[in-house]
Amino acid sequence: MKILILGSGGREHAIAWRLSRDSSSSKVLVWPGNDGMSGPKLGLVDRPFDRATFSSLIAEEGIDLVVPGAEKFLYQGVADWCQGLGVPCFGPGARAASLERSKLFAKTLMQEAGVPTSPFRDLSDAMARGLDAVNGVLKEFRKPVIKISGPSLGKGVFVCESAAEASEVLLKLGQSPQPGMEDGVLVEEGVSGKEVSMFFACSHGAFTYLGSAQDHKRVFDADQGPNTGGMGAIAPVPWATGEFIRDIGDRFVRPTLDLMLKRGTPFKGVLFLGLMVGPEGTNLLEYNVRFGDPETQVILPLLEGDLSDFLRRFSTQDVTPELTIRSAAAVHVVKAARGYPGVFGAPIEAGQLITLRQSESASGKLFFAGVKRTPQGLVTNGGRVLGFTAWAPTAAEAIRDCYALLPSGEFEGEHFRRDIGRSL
Ligand SMILES: Nc1ncnc2c1ncn2[C@@H]1O[C@H](COP(=O)(O)OP(=O)(O)O)[C@@H](O)[C@H]1O
Ligand SMILES: [Mg+2]
């Protein structure tokens with residue numbers, strides 16, 4: 001089977017690496033991929049990405065399965081294009097991708113489906129009417145969380161301690177509109193507890209659990225500093241087991257899939273739930289509609305069996321083969337470039353030569369993200385540059401083994417967290 005993966009980061013490298021290990025895959029193409037991705041079955045597609053070129057490539061290469069990595073491809077309608085072409089795609093159509101693209105859409109659906117989530121109000125009208133109207137709505141919330149509804153590059157959520165603080169946030173947003181606000185702004189009640197990401201493969205009504213993970217969004221140790229795309233992750237979350245997984249399936253995944261099916265926009269692909277578990281019970285913070293980066297780098301190494309075959313059959317509603325999750329732990333640490341995450345327009349350094357030693361072992365793997373090939377060698381070319389994953393029988397061993405891998409890829413100005421996996 002020939003597989004096409006869409007995207008260019010560490011997540012896509014991990015998907016490509018994992019699928020190329022299956023006996024059912026003969027070729028794995030990544031579009032556009034990055035210069036660090038290589039392997040016996042691996043290839044990159046160096047063409048501009050548009051619908052016509054996509055259709056030609058699918059036909060020319062005889063692609064049997066498309067796996068979109070980044071959500072932007074889903075918003076563009078790649079899964080709908082695939083449906084038109086008759087090629088299986090492990091991802092939702094553009095309408096079903098609204099579960100992630102629009103937080104207002106998602107919250108409304110959660111409410112209608114009876115999925116546990118904190119109360120919310122759409123603020124768009126009140127914001128148009130003025131500050132008094134906004135403050136009137138905010139009064140209903142004890143710990144208001146302001147959320148930009150549309151895609152906002154991970155910068156659209158403001159957890160506030162009071163209505164006054166939320167009012168100030170909204171005043172600023174009103175003065176300088178941010179990406180994603182064209183879809184509206186909402187306020188929801190803050191909830192407390194521990195966060196966990198849960199991953200499910202879904203196709204029409206069916207779903208299969210893929211694993212749990214915890215990511216680390218802040219740039220510095222002990223969750224200090226600005227948010228990033230993710231500085232590391234660990235899987236599984238030890239308390240997310242048997243009963244808990246069943247409950248998430250029953251009260252969160254099942255009603256979501258049923259309602260999407262009923263609305264005529266069945267959901268296919270990865271449903272990635274961002275959950276908060278605490279004194280207020282288990283609440284859904286958000287849906288994502290694809291694999292996470294860097295969660296994928298710890299989820300996929302723990303999946304046993306022929307994942308390529310599983311994804312293709314699952315996407316086509318064929319008999320679903322067994323997929324087992326190894327009882328082991330995986331840890332992923334990201335090395336980022338000097339300046340990352342580049343707050344207030346600060347530059348992120350690029351062009352540093354990367355020194356590489358062994359990049360793969362029986363229980364570890366180096367994934368490439370922001371890198372570029374030059375005549376001098378591989379150089380840094382982005383914020384998150386390298387990602388190291390190790391897996392082992394226990395979390396403590398996986399943490400130790402992962403940090404031991406770090407010298408296998410180094411560059412001037414690199415920085416990484418030293419506490420990944422230690423806050424479970
Ligand atoms: N209702 C809430 N209560 C408390 N914290 C929240 C709430 N909603 C979001 N958060 C915090 O903000 C983070 C980002 O919110 P999320 O909805 O996942 O948006 P995104 O990932 O698109 O930025 C969450 O991981 C969580 O830490
Ligand atoms: Mg999130």
Side-chain angles (χ1 to χ4, degrees), residues 11 70-72 74-75 97-111 115-123 137-138 140-163 165-166 169-170 173 178-199 212-219 222-234 237 240 252 256 270-296 299 341 343 423-424:
R11 162 182 51 203
E71 61 276 19
K72 66 175 179 188
L74 299 165
Y75 300 165
S98 300
L99 282 178
E100 173 169 356
R101 192 182 53 211
S102 166
K103 290 194 188 295
L104 277 166
F105 176 95
K107 288 291 281 193
T108 309
L109 182 125
M110 290 175 209
Q111 234 174 27
V115 169
T117 192
S118 64
F120 81 103
R121 289 278 300 271
D122 185 347
L123 280 170
V137 178
L138 292 179
E140 298 168 23
F141 295 83
R142 199 177 40 85
K143 271 193 71 180
V145 178
I146 304 295
K147 292 189 174 183
I148 294 174
S149 182
S152 48
L153 313 162
K155 296 190 175 82
V157 173
F158 308 87
V159 180
C160 305
E161 288 304 321
S162 65
E165 191 184 333
V169 166
L170 288 162
L173 288 179
Q178 299 297 308
M181 281 172 65
E182 63 285 346
D183 194 58
V185 176
L186 62 116
V187 56
E188 68 180 48
E189 192 60 72
V191 286
S192 55
K194 299 180 287 188
E195 282 187 61
V196 57
S197 300
M198 304 280 285
F199 297 82
S212 65
Q214 186 194 55
D215 70 351
H216 297 69
K217 287 265 183 246
R218 301 298 192 97
V219 67
D223 293 329
Q224 300 297 304
N227 264 321
T228 69
M231 294 298 289
I234 183 164
V237 172
F252 295 77
T256 301
V270 178
L271 194 61
F272 158 1
L273 305 180
L275 297 154
M276 182 77 86
V277 184
E280 295 100 341
T282 300
N283 278 289
L284 184 58
L285 302 181
E286 66 160 351
Y287 296 108
N288 292 297
V289 298
R290 32 78 198 174
F291 283 115
D293 187 348
E295 293 89 341
T296 304
I299 294 287
V343 268
S423 52
L424 279 175

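As the structure is a prediction and not an experimental result, all values here were calculated from the model. Ligands are counted one by one from 1 in listed order, and the atoms in each one are counted from 1 as well.
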Pair Ile146, Leu173 - check side chain to side chain contact (heavy atoms under 4.5 Å, CB included), show working. CA-CA 10 Å; Ile146 304 295; Leu173 288 179; 4.2 Å; yes
I need the nearest protein heavy-atom contact for atom 4 (C) of ligand 1: residue, atom name and distance, please. Val191 O, 3.1 Å
Quick test: of every protein heavy atom, which one is nearest to atom 5 (N) of ligand 1, and how far off is it to 0.1 Å? Met276 CE, 3.8 Å
Using heavy atoms and a 4.0 Å limit, tell me yes or no: is Lys155 in contact with ligand 1? no
Which residue holds the protein heavy atom closest to atom 11 (C) of ligand 1, what is that atom called, and what is the gap in Å? Val159 CG2, 3.9 Å
Residue-atom pairs from the protein, N, O or S only, that lie under 2.8 Å from the Mg ion (ligand 2): Glu286 OE2
So for Glu189, does at least one of its heavy atoms come nearer than 4.0 angstrom to any atom of ligand 1? yes
Min over Glu188, Lys217, Lys147 of heavy-atom distance to atom 2 (C) of ligand 1 lands on Glu188
Apply side chain to side chain contact (heavy atoms under 4.5 Å, CB included) to the pair Leu170 and Val187, showing each step before the final yes or no. CA-CA 10 Å; Leu170 288 162; Val187 56; over 6 Å; no
Nearest heavy atom to atom 16 (P) of ligand 1: which of Lys143, Glu195, Glu280, Glu286 does it belong to? Glu286
Given the rule in the side chain to side chain contact (heavy atoms under 4.5 Å, CB included) test, do Leu186 and Leu123 qualify, once you have shown the distances and angles that lead to the verdict? CA-CA 5 Å; Leu186 62 116; Leu123 280 170; 5.7 Å; no
Suppose we screen for side-chain contact (heavy atoms from CB on, under 4.5 Å). Which residues come up paired with Ser98, at least two apart in sequence or across chains? Arg101, Phe105
Partners meeting side-chain contact (heavy atoms from CB on, under 4.5 Å) with Ala106 (sequence neighbours left out): Met110, Tyr287
Report yes or no: do Ser192 and Glu280 form a side-chain donor-acceptor pair below 3.5 Å? yes
Tell me every residue that passes side chain to side chain donor-acceptor pair (under 3.5 Å) with Asn227, counting only those two or more places apart in sequence or in another chain. none
Output yes when a side-chain donor or acceptor of Lys217 lies under 3.5 Å from a complementary backbone atom of Gly229, and no otherwise. yes
Of Val157, Leu285, Thr117, the one whose closest heavy atom lies nearest atom 14 (C) of ligand 1 is Val157
I'd like to know whether Val145 forms a side chain to side chain contact (heavy atoms under 4.5 Å, CB included) with Phe120, so could you lay out the CA-CA distance, the side-chain angles of the two residues, the decisive distance to 0.1 Å, and finally the verdict. CA-CA 9 Å; Val145 178; Phe120 81 103; over 6 Å; no
Identity and separation of the nearest protein heavy atom to atom 22 (O) of ligand 1: Lys103 NZ, 2.9 Å
Can Asn283 and Ser118 be counted as having a side-chain donor-acceptor contact under 3.5 angstrom? no
